[in-house]
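Here's the structure, in structure tokens; my notes come after.
Per chain, numbering begins at 1; letters A, B, ... match sequence-line order.
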Amino acid sequence: EAAVTQSPRNKVAVTGGKVTLSCNQTNNHNNMYWYRQDTGHGLRLIHYSYGAGSTEKGDIPDGYKASRPSQENFSLILELATPSQTSVYFCASGTGVNSDYTFGSGTRLLVI
Amino acid sequence: GQQVQQSPASLVLQEGENAELQCNFSTSLNSMQWFYQRPGGSLVSLFYNPSGTKHSGRLTSTTVIKERRSSLHISSSQTTDSGTYLCALERNAGAKLTFGGGTRLTVRP
């Protein structure tokens, strides 16, 4: 069954440390997205990708980098984690047609 | 300002009651999408609705572009409907989604 798998599910990081959130999709979708969800804000787009080797800035990219080494994998990188990046992060894949989206189960990140 | 605004922010119902969730947007759109999010869980797509009315079981989505609004109607609510409902605007075909803040629905037995 096609799916989007995120790892880790939960992460505690220290301020100033490097954090990498991973996402793998078996949908063979070209597009992949990273969102964060905070109370009262819905989901906000951080970075997205149209295919292997491509990354684009979303609405709130500051403090984040992204990497898309293959069709299946899309990573979100926090080089210097800060407490304001404590959030729930969702990865999604899509075809770009009729907004056919599949979301992962989320990664809960706590930066202390 | 916020491009997509959802209301109400939260809603409590008794089982069997109906719910009307609203989404208003301030930009042009290609389509509106509605998602359901289980408590602490992932998002599931409910409707992709460029315009007009769509039905799925007890759920109905209506998008009126001229009035810049989309609604989600839940009839005969059940406790299993509890969770967060999110609308998301797609400005252009295949473009990224802009989400509203969500409506947290609680259905009591």
Side-chain angles (χ1 to χ4, degrees), chain A residues 1-7 9-10 23-25 27 29-51 54-61 66 74 87-110, chain B residues 1-10 21-27 29-52 54 56 61 63 70 72 83-105:
Chain A
E1 183 180 313
V4 175
T5 304
Q6 294 182 230
S7 63
R9 287 300 310 274
N10 295 282
C23 180
N24 175 274
Q25 56 112 350
N27 301 325
H29 287 164
N30 287 333
N31 300 348
M32 294 187 76
Y33 309 84
W34 275 108
Y35 292 89
R36 64 177 283 176
Q37 184 175 33
D38 305 287
T39 304
H41 287 281
L43 274 74
R44 293 180 290 174
L45 183 65
I46 306 169
H47 283 289
Y48 59 105
S49 168
Y50 291 125
S54 103
T55 60
E56 307 289 336
K57 292 182 179 179
D59 299 321
I60 52 166
F74 190 38
S87 187
V88 181
Y89 292 84
F90 286 95
C91 176
S93 73
T95 61
V97 176
N98 291 343
S99 288
D100 181 14
Y101 277 76
T102 305
F103 279 82
S105 298
T107 294
R108 195 170 295 267
L109 174 65
L110 172 64
Chain B
Q2 216 170 2
Q3 294 182 346
V4 183
Q5 292 186 308
Q6 277 190 255
S7 61
S10 64
L21 311 181
Q22 294 289 343
C23 190
N24 293 86
F25 47 93
S26 58
T27 67
L29 90 166
N30 183 67
S31 185
M32 185 64 75
Q33 194 157 4
W34 284 90
F35 292 89
Y36 167 69
Q37 183 177 27
R38 299 180 190 87
S42 183
L43 281 74
V44 175
S45 178
L46 297 175
F47 291 102
Y48 174 81
N49 190 355
S51 66
K54 294 193 171 186
S56 177
S61 168
T63 297
S70 182
L72 178 68
T84 299
Y85 292 80
L86 294 149
C87 66
L89 178 152
E90 179 191 50
R91 290 192 66 179
N92 302 298
K96 57 187 175 71
L97 297 178
T98 300
F99 282 83
T103 294
R104 179 170 293 195
L105 176 65

Part of B:Leu43 within contact of chain A (heavy atom distance under 4.5 Å):
both
Considering non-hydrogen atoms only, spot the tightest contact between A:Gly104 and B:Ser42 and give its length.
O-OG, 2.6 Å
Audit row: A:Tyr101, B:Gln33, side-chain contact (heavy atoms from CB on, under 4.5 Å) steps and yes/no
CA-CA 10 Å; A:Tyr101 277 76; B:Gln33 194 157 4; 4.1 Å; yes
Would you say the side chain of A:Leu45 lies within less than 4.5 Å of the side chain of B:Leu97, judging by non-hydrogen atoms?
no
For B:Arg38, what residues pass the side chain to side chain contact (heavy atoms under 4.5 Å, CB included) criterion, not counting sequence neighbours?
B:Tyr36, B:Val44
Assess whether atom CZ of B:Arg104 is packed by more than 12 heavy atoms of other residues, nucleotides or ligands within 6.0 Å.
no
Close side-chain approach of A:Gln37 and B:Phe99, heavy atoms under 4.5 Å:
no
Check each atom of A:Asp38 against the heavy atoms of chain B and say whether the ones under 4.5 Å are side chain, backbone, both or neither.
neither
So which part of B:Gln6 gets closer than 4.5 Å to some heavy atom of chain A, the side chain, the backbone, both or neither?
neither
